[in-house]
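The structure appears right after this line, and notes come after that.
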Amino acid sequence: MKEYNFREIESYWQSYWSENNSVQYNLESNNKKFYNLCMYPYPSGDLHMGHVRNYTYGDLITRYKLLNGFNVLSPMGWDSFGLPAENAAIKTGIHPKEFTEQRINKMKNQIIKLGSLYEWDREVAVHTPEYYKWTQYIFIKFFESGLAYKKDAPVNWCDSCKTVLANEQVIEGLCDRCDSEVIQKNLNQWFLNISKYGDELLDGLNDIGDWPENVKAMQQNWIGKSVGAEFSLNIVDTELKFDVYTTRPDTLYGMTFAVLSPEHEIINQILEISYSKEEILSYQKSAKQKSEFERLSSSKEKTGVDTGLKVINPINQKEVPLWIADYVLNNYGTGAIMAVPAHDQRDFEFAKKYNIEIIQVISDEKNQKNVEEKAFVDEGVIINSNEFNNLKSHQEASKKIVEYLESSNLGSQKTVFRLRDWLISRQRYWGCPIPVINCKKCGLVSEKIENLPVVLPDIKDYKNSDESPLAKSVDFVNVKCPNCNSDALRETDTMDTFVDSSWYFLRFVDPDNKSIPFSSEKVSALLPVDQYIGGVEHAILHLLYSRFFVKALRDIGMLKIDEPFLNLFSQGMINFGGSKMSKSRGNVIDPEAYFESHGADSLRLFILFMAPPTDRVEWNVGGIEGTKRFLNKFWENMDALEKIFEDVIGVNEIDLVRNMNQTINSVTQHIEKFEFNTAVSDLMIFNNKLSDYLKTETILSKKSKEFIVDSICKLLFPLAPHISSEVYNKFFEKDLIKQNWPITDMDNLIDPTYELVVQINGKKKVYKRNKRRFKSR
RNA sequence: GCCCGGGUGGCGGAAUCGGUAGACGCGACGGACUUAAAAUCCGUUAUUCGAAAGGAUGUGGGGGUUCGAGUCCCCCCUCGGGCACCA
């Protein structure tokens, strides 16, 4: 059999679509809009299978929606700031801009070869001044409204590379580049106040649209809302007091000690009065030297130091010892806790180790639980708590005790989030400069809008020293204060690249706007994104940051929507040899080779066919042969149909037409439900039936022939657009992309015969083919 | 520890409402074509007993509901992912 010439066909249609602007959002159209978006890539230079999977799904949706008459917006851009370009620059001296743009060109070419349709006139790349000007604009608006602020914060620092590292760059406590140990260092850093939106980000998940449950669960988990109580503990014989937060106010009578985190501010005052000054100082020092990793993971053996001081339990005036221990984190709650060893496992271990009293205040109904081996954390009944005895814990007793604290002005109910403010400053070159100036007189002053963008200066050495690479450019750093015109210094940090990606989907609706980042009207017309498709690895960071950005931009009046993404689809990863494909593992399967050897249509079909889209899959080297065979067979069938003798309708023809109709019904439903693997198999089944027909029959009516070619090309179009466009054009001399999706004939779905099955005790015993007596619908 | 998903042939996976388990594809085996190979075409392919007809078993394990369970309920095992000293 001769193979169809996929190379020629694919390249022809790719040029055709591009020259005819086959996907273009039409402002004037009355058709319903559909904003279809794939997560834009970091331009690594090589398209990998993860991209192929992502863009195949995205393109399928674009084409399906086009045939269904939607006014589709399908843009693409580049997440083009980031470390790899900077590392390459350090190594080879090539400017990150040049390095990045070469890679963008290469990758864009590969995306086109996949046959993915994008409206390239809307392309954005975040590293261009035309884009980052508006990232800076938004930053300034955030700064002016208090959403961006600067404060001292502990960061991951590699003393060998002389740089701050992102959490993702710290691998088991070591620098991912030089393997030296990462330490905690206090630096003055920029933050965005995302925690202000904790409640809204959490509540928004309830009615957001169609999002995968696991992604919603991950975000809920990350936001980590908990409701408890906050109250003060007074230190005996002093004026000193501090706040503690607990989710278990019902256990208040069981408090037998209190703990401060080693970084707690009040320790400075404690040092003046404690007999254990030396021990405290040395404990603080050792806690500081531990890396975050070590501190959180070090075999969970708890350590601490006794201050020798006592605090008073506000509910019963009992005096209990005050300790300092690093199992209490300074940046959660109040950085201090009441410790109830009887009912908290961590407190229990600490109490056992240091021989601290344990008082049980909850038991089960028969009072048979004890706390000798471990803490009792389950629901139960209050004991040893005076007037609160016999109340049910946790809910009822907590409520009563909080009411008591509130009525006696001792404390109050309090909501705490795990979500922390977002540290966005990076001591890096290849990122968006922070548009702020430090003036000795005026303090932190934002750059004037008319002076934007603050352009990344050219420097010779991209390597960090003790400060950011941008500090090396004298011209960049030394400026006049926009306020008072006195000598001032520019910020030398750049922004986390997640800032760039938190609003790119907004720029796509208005990419050429020269006066503002985007028009609010256009955003309202096109957003939320109707279908967002991307990898599950962005379940928390990117998707949460973008949601935060939209809410923050709404609150400062720049747009009028609440959520950026209506429906989210997370595709599974593609592994090979049991692990994630990566250059360092040497297990990368290059999609480009398949464009040459099997064609983009075969690759797309195989990706669609291999597994349900949400599943993680193992790359199967031979599997693509199956979809290639299918396309060859399809091509051959179409060829045979073209030559078949046209005549009156025969009996088998009626069956074939019904099969086609059933296939229309089934493929449509599977695509709607994102069950692309079974959509492909439906088409394979019909193609096999068509082969059988053509082998045994010699005639077919013109009407049926045209119905079959028309329908099957349309059904195949979103999945394998090149071959279907070619066949359609050969038969009808029309552009398939401008046609309408086929409609199922509901009257011709059901086979007039059926198999009667008789089961006895659930086992099939008799089956027989019968004619249906009534036409059912 | 907590929160999400999963577990079906040699493999990837199908199976709207509880109603013929294993669609479709890969691989394997047998055959045709060929000097030969590749490609292509035809056939077989859950396990097991049987020459065959046919029978028995079978969706991680155990129980239950039902005329009937991959599907519903309870318990357990196990794999993957996320979070994790979060008070």
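Proteins come first, then strands; the chains are lettered A, B, ... in the order of their sequence lines, and each starts at number 1.
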Which whole number of Å gives the distance between the [atom1] atom of [N] and that of [M]?
N: B/rA46; M: B/rA23; atom1: C1'; value: 14 Å
N: B/rA52; M: B/rA37; atom1: P; value: 31 Å
N: B/rG68; M: B/rC79; atom1: C1'; value: 31 Å
N: B/rU20; M: B/rU71; atom1: C1'; value: 15 Å
N: B/rC26; M: B/rC75; atom1: P; value: 43 Å
N: B/rG18; M: B/rG27; atom1: P; value: 37 Å
N: B/rG22; M: B/rC29; atom1: P; value: 25 Å
N: B/rG64; M: B/rA69; atom1: P; value: 12 Å

Whole angstroms only, please: what is the [atom1]-[atom2] distance between [X] and [N]?
X: A/L202; N: B/rC83; atom1: CG; atom2: P; value: 17 Å
X: A/F242; N: B/rA87; atom1: CZ; atom2: P; value: 18 Å
X: A/Y4; N: B/rU40; atom1: OH; atom2: C1'; value: 17 Å
X: A/R420; N: B/rA84; atom1: CZ; atom2: C1'; value: 12 Å
X: A/N620; N: B/rC24; atom1: CG; atom2: P; value: 18 Å
X: A/K225; N: B/rC3; atom1: NZ; atom2: C1'; value: 18 Å
X: A/F609; N: B/rC11; atom1: CZ; atom2: P; value: 17 Å
X: A/D378; N: B/rG1; atom1: CG; atom2: C1'; value: 13 Å

Under a 3.5 Å limit for both distances, which nucleotide forms a Watson-Crick or G-U wobble pair with [N], could you say?
N: B/rC2; answer: B/rG82
N: B/rG19; answer: B/rC67
N: B/rA28; answer: B/rU44

Residue pair A/F417/A/D682 against RNA chain B: nearer the 5' end by closest nucleotide is A/D682
Comparing A/R418 with A/E618, nearest RNA chain B nucleotide closer to 5' gives the residue A/E618
Notebook entry, point to check: With sugar-phosphate meaning primed atoms plus P, OP1 and OP2, does A/N688 contact a base, only sugar-phosphate, or nothing at under 4.0 Å between heavy atoms?
Noted result: sugar-phosphate
Select base, sugar-phosphate, or nothing to describe what A/P212 touches, counting heavy atoms under 4.0 Å on all strands.
nothing
Any side-chain donor near an acceptor of the partner, [X] and [Y], under 3.5 Å:
X: A/T303; Y: A/Y283; result: yes
X: A/Y245; Y: A/S226; result: yes
X: A/N665; Y: A/Q669; result: yes
X: A/S666; Y: A/D682; result: yes

Between [options], which nucleotide has the shortest distance from any of its atoms to the side chain of [X]?
X: A/H670; options: B/rG25, B/rA87, B/rA15; value: B/rA15
X: A/V328; options: B/rG13, B/rA87, B/rC24; value: B/rA87
X: A/D326; options: B/rC85, B/rA14, B/rA87; value: B/rC85
X: A/K633; options: B/rC41, B/rC4, B/rG13; value: B/rC41
X: A/A217; options: B/rG12, B/rC83, B/rC3; value: B/rC3
X: A/N221; options: B/rG82, B/rA87, B/rC41; value: B/rG82
X: A/I337; options: B/rG13, B/rG25, B/rA87; value: B/rA87
X: A/R616; options: B/rC26, B/rC3, B/rG81; value: B/rG81
X: A/T678; options: B/rA14, B/rC24, B/rA87; value: B/rA14

Kindly indicate whether the side chain of A/R547, heavy atoms from C-beta on, has any atom under 4.5 Å from the side chain of A/L543.
-> no
So, is [X] near the phosphate of [N], with a side-chain N or O under 4.0 Å from OP1 or OP2?
X: A/K695; N: B/rC42; answer: yes
X: A/R629; N: B/rG27; answer: yes
X: A/Y327; N: B/rA87; answer: no
X: A/N677; N: B/rC24; answer: no

Given the 90°-from-0 boundary between syn and anti, B/rG9 should be labelled syn
The glycosidic conformation of B/rC17, counting syn as within 90° of 0 and anti otherwise, is syn
When A/Q571, A/R604, A/H48 are each screened for side chain to side chain contact (heavy atoms under 4.5 Å, CB included) with A/R53, the one that passes is A/Q571
- Report the relative orientation of the aromatic rings in A/W619 and A/F606; use parallel for angles under 30°, tilted for 30 to 60°, perpendicular for over 60°. perpendicular
(Q) Distance criterion of 3.5 Å, no angle test: do you see the side chain of A/K216 paired donor-to-acceptor with the base of B/rC4? (A) no
Taking every heavy atom of A/K628 against every heavy atom of A/H598, the minimum-distance pair comes out as CD-O, 3.6 Å
